[in-house]
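Data first, discussion second: the structure below is written as structure tokens.
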Amino acid sequence: MADPNIDKPVDIKTLRKLLQEGLLSEEAFLEASKIIRPISNWFAWAKKTLLLVGCGLVLSGVIFFFAFNWAAMGKFFKFFLIEFGIIVCLIFSYIKDNKSLTSKILLLSASVFVGVLLAVYGQTYQTGADAFGLFIGWAGLIFGFVLVSEFAALWLIWLILLNTGLILYWQQVGQFSFSLSYEYLCLSLAILNGIALTLREIGLQKGLIWLEGKWLRSVLLITILVNLSIPTIDVIVDIGYRQEVSSLLSLAWLAAIGGSFYCYRYKLRDMISIATIVMNVCVILLVFIGKIMFSNNYWEGGIFLSYSIIIVGVITGAVFLLKFIARSMENEEKEVPK
Amino acid sequence: MNPNQLTILELLEHPNVSALVPLENKQKIIEYLNANQQKKKEPLYIRALIGAGAWFASFFLLLFVGLCIGFTEEKGAIVFGLGFLVAAVFIEKNAKALFLEQISLVLAISGNILFVGGLAVLFDDHEILIGLFLHIMVCCAMYILFNNSFYRFIAPLGVVIIAIVWVYDSRTFEITHIIVLLEMILVGILISLKKPSSFFLPLTYAAYLMFPSTVLFISLFGYLHIYNGSWGNMWNSSVFICCGLIWLFIKLAGGNKKIKEPWMILLVISTIALGAFSTPGILVAIGLLVLGYAFDDRLLTMISYAFLITFLILFYYSLSANLLEKSLMIAGSGFLLLLVRWIASRCEPKESLT
């Protein structure tokens with residue numbers, strides 16, 4: 001069986017380790033790093049960074065420009081400028097190869113300008129619409145851009161808009177008109193982000209390479225778990241009046257933990273997601289144990305010492321579990337015939 | 001052949017490298033990489049879990065000690081603190097079980113806080129400064145004796161936190177520039193070590209984090225008008241950091257022989273211009289970004305992007321200009337960067353384009 005380390009492409013980190021161990025001289029290290037990371041790589045990286053930061057600054061400048069000039073500019077001039085910006089971004093995005101980073105950033109810029117347009121429209125005509133309408137409308141209008149962009153960052157921005165719209169809807173309508181408690185908001189956010197995560201995993205399995213960045217999975221998983229954990233902690237700690245839906249959400253949390261653990265342990269094999277799940281379970285478990293220990297309102301020193309040791313015990317158990325799972329996954333991978 | 005896809009064996013056979021690596025070293029390299037494959041470093045998420053758990057546990061341990069001896073009893077705190085520190089070192093050296101290693105970390109954190117806090121409070125007038133010196137001594141001793149990467153990361157950060165608190169309390173804001181200079185020198189030394197070992201790795205990451213954090217605090221002091229916070233007061237740090245950044249670029253490029261290259265001249269001019277017209281924080285963030293790419297360190301790259309965004313927001317927010325002028329400056333800066341990008345494409349060495 002081929003040794004994995006020797007067959008992997010060598011990277012700068014490995015070369016540095018060899019230099020540190022004295023296995024490569026400084027001259028050999030410099031020559032080797034020039035080969036695997038020639039100056040063209042540095043230029044490519046610098047140009048990409050300058051593009052990202054430069055476009056970010058230009059976009060911010062444009063947004064602040066419009067923020068300043070509401071009163072001074074005529075309404076049609078405002079609309080013309082923003083729509084011109086959208087059209088220019090779209091045209092140049094189309095001209096550039098849609099796989100290039102420049103094209104994707106231009107689509108992202110166009111998406112941001114759509115939001116600016118909606119804000120200016122709302123300001124100009126004083127429609128009296130609730131703020132959640134802005135965000136939901138914005139998400140709806142840019143959906144086409146998001147679909148064609150093949151850009152995970154733009155998908156995340158789109159999801160942020162939907163999440164924000166949902167939160168504002170609950171604040172402005174749900175809470176006052178329908179007396180919906182915060183648990184319904186948490187449930188909705190968990191479902192929304194759960195659908196997004198599921199679609200992301202299905203898309204990656206179907207070969208959509210642009211979704212392969214693991215950061216998106218981590219962000220969505222953490223969002224789902226946080227939204228389900230808050231009502232669960234509320235059930236445990238039992239502060240104030242509790243809705244029956246809180247208990248339902250606790251069951252949903254259990255189901256999410258079980259389902260995602262199975263998925264990331266046996267199907268998708270991702271240790272970082274498993275670690276996130278285990279950490280979340282540790283937090284809930286420690287809250288539960290803390291509730292039992294501190295519930296009698298008689299706090300002597302021994303309780304704090306015991307809780308401190310229990311924390312160490314729970315974390316130790318979690319670390320053992322994670323190491324065991326990592327070893328098992330490695331062994332399973334070695335057994336799979338190539 | 002794509003240079004990004006070369007294996008170690010292919011790289012060692014490359015004509016430019018082969019002549020510089022003795023034959024016996026090639027075999028040793030293969031043996032070393034095989035051995036390294038067997039003993040993997042603990043993943044970051046496990047170290048983060050252990051560290052977070054230890055912090056949480058030490059909080060409750062401190063509450064226990066406080067309830068036992070009374071929260072204002074300094075002598076008891078000193079005794080307990082010293083006892084915890086000694087116990088932490090003893091357990092770490094002798095215990096093999098993970099549970100006991102974690103207990104030792106909890107004892108080390110709690111012991112450090114109790115010992116330094118208890119001793120410092122005995123000096124009524126200069127307790128923070130005394131606490132700072134005490135913590136530096138404890139940190140140095142424990143760094144050598146206590147082999148735990150989380151403690152070795154968090155204790156140096158504690159030195160800087162106490163230093164900043166002392167600066168704020170005593171209103172000696174000029175000292176912050178010396179702190180910045182020392183941190184920059186520390187980063188320079190750590191990245192230049194010929195043979196850095198895992199012994200210095202936690203200190204290196206602590207230095208990466210403390211350096212921009214200190215500059216952030218100086219900027220916030222100025223922004224919140226805690227002292228006379230005109231940008232003129234930042235020029236000392238800007239000069240230091242500018243020089244440090246230029247040194248870094250020359251070092252990474254391969255030495256003084258690259259100084260005359262057009263792209264290096266552009267880089268030095270851009271750095272000086274940034275030093276003159278922006279804040280030291282932006283320079284620090286750029287330096288860390290470059291280091292992150294040079295060392296292929298994703299964590300450092302993420303930290304540097306976070307600080308870069310923070311410093312950019314702080315810089316433009318605190319400019320003495322109305323919103324129109326700010327918007328033009330921000331957009332203008334963006335276009336300037338895109339122009340620099342275009343110039344960089346023109347300055348790219350021909351051999352890199354072929």
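Reminder, nothing fancy here: chain letters follow the sequence lines and each chain counts from 1. What you see below is based on every heavy atom in this structure, not just the backbone, and it leaves out hydrogens, waters and symmetry mates.
A distance of 6.0 Å or more separates the ring centres of B:Phe60 and B:Phe64.
Proximity to chain A involves both the backbone and the side chain of B:Leu289, based on heavy atoms less than 4.5 angstrom apart. Neither the backbone nor the side chain of B:Val65 comes within contact range of chain A; no heavy atoms are under 4.5 Å apart. No part of A:Ser306 comes within reach of chain B, as not one of its non-hydrogen atoms sits under 4.5 angstrom from that chain. Of the two parts of B:Leu49, the backbone and the side chain both hold a non-hydrogen atom closer than 4.5 Å to a non-hydrogen atom of chain A. Using a 4.5 Å cut-off between heavy atoms, B:Leu339 makes no contact with chain A at all. With a 4.5 angstrom heavy-atom cutoff, B:Phe59 does not touch chain A via any of its atoms. Heavy-atom distances place both the backbone and the side chain of A:Ser60 under 4.5 Å from chain B. With a 4.5 Å cut-off on non-hydrogen atoms, A:Ile311 touches chain B through its side chain but not through its backbone. Contact of B:Ala253 with chain A is not made at all, since no heavy-atom distance falls under 4.5 Å. Neither the backbone nor the side chain of B:Lys326 comes within less than 4.5 Å of any heavy atom of chain A.
Ranked by heavy-atom pairs under 4.5 Å with chain B, the first of A:Leu59, A:Ile310, A:Leu57 is A:Leu57. Interface check for chain B: of the options A:Asp11, A:Leu322, A:Leu51, the most heavy-atom pairs under 4.5 Å are formed by A:Leu51. Ranked by non-hydrogen atom pairs under 4.5 Å with chain B, the options A:Val62, A:Ile12, A:Leu305 are led by A:Leu305. Each of A:Trp42, A:Trp45, A:Phe29 has some count of heavy-atom pairs under 4.5 Å with chain B, and the biggest count is that of A:Trp45. Contact count against chain B (heavy-atom pairs under 4.5 Å) is highest for A:Val53 among A:Val53, A:Val278, A:Thr276.
The pair A:Arg16-B:Asp296 fails the salt-bridge criterion, with no side-chain N (NZ, NE, NH1 or NH2) lying under 4.0 Å from an Asp/Glu carboxylate O.
One N or O on the side chain of A:Ser308 and one on the backbone of B:Ala57 form a donor-acceptor pair closer than 3.5 Å.
A donor-acceptor contact closer than 3.5 angstrom is absent between the side chains of A:Asn331 and A:Ser328. No side-chain donor from either of B:Asn148 and B:Ser104 sits under 3.5 Å from a side-chain acceptor of the other. Side-chain contact, B:Ser333 with B:Tyr316: a donor N or O sits under 3.5 Å from an acceptor N or O.
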TODO: Please assess B:Leu274 against B:Ser270 for the test side-chain contact (heavy atoms from CB on, under 4.5 Å), listing each intermediate value before the final yes or no.
DONE: CA-CA 6 Å; B:Leu274 261 180; B:Ser270 306; 5.8 Å; no

TODO: List the steps, then state whether salt bridge (charged side-chain N to carboxylate O under 4.0 Å, His left out) holds for A:Glu31 with A:Lys34.
DONE: CA-CA 5 Å; A:Glu31 276 305 316; A:Lys34 269 189 228 172; 3.6 Å; yes

TODO: Show your reasoning for whether side-chain contact (heavy atoms from CB on, under 4.5 Å) applies to A:Val283 and A:Ser229.
DONE: CA-CA 9 Å; A:Val283 167; A:Ser229 296; over 6 Å; no

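Side chains of B:Trp342 and A:Leu50 form no contact here, defined as non-hydrogen atoms less than 4.5 Å apart.
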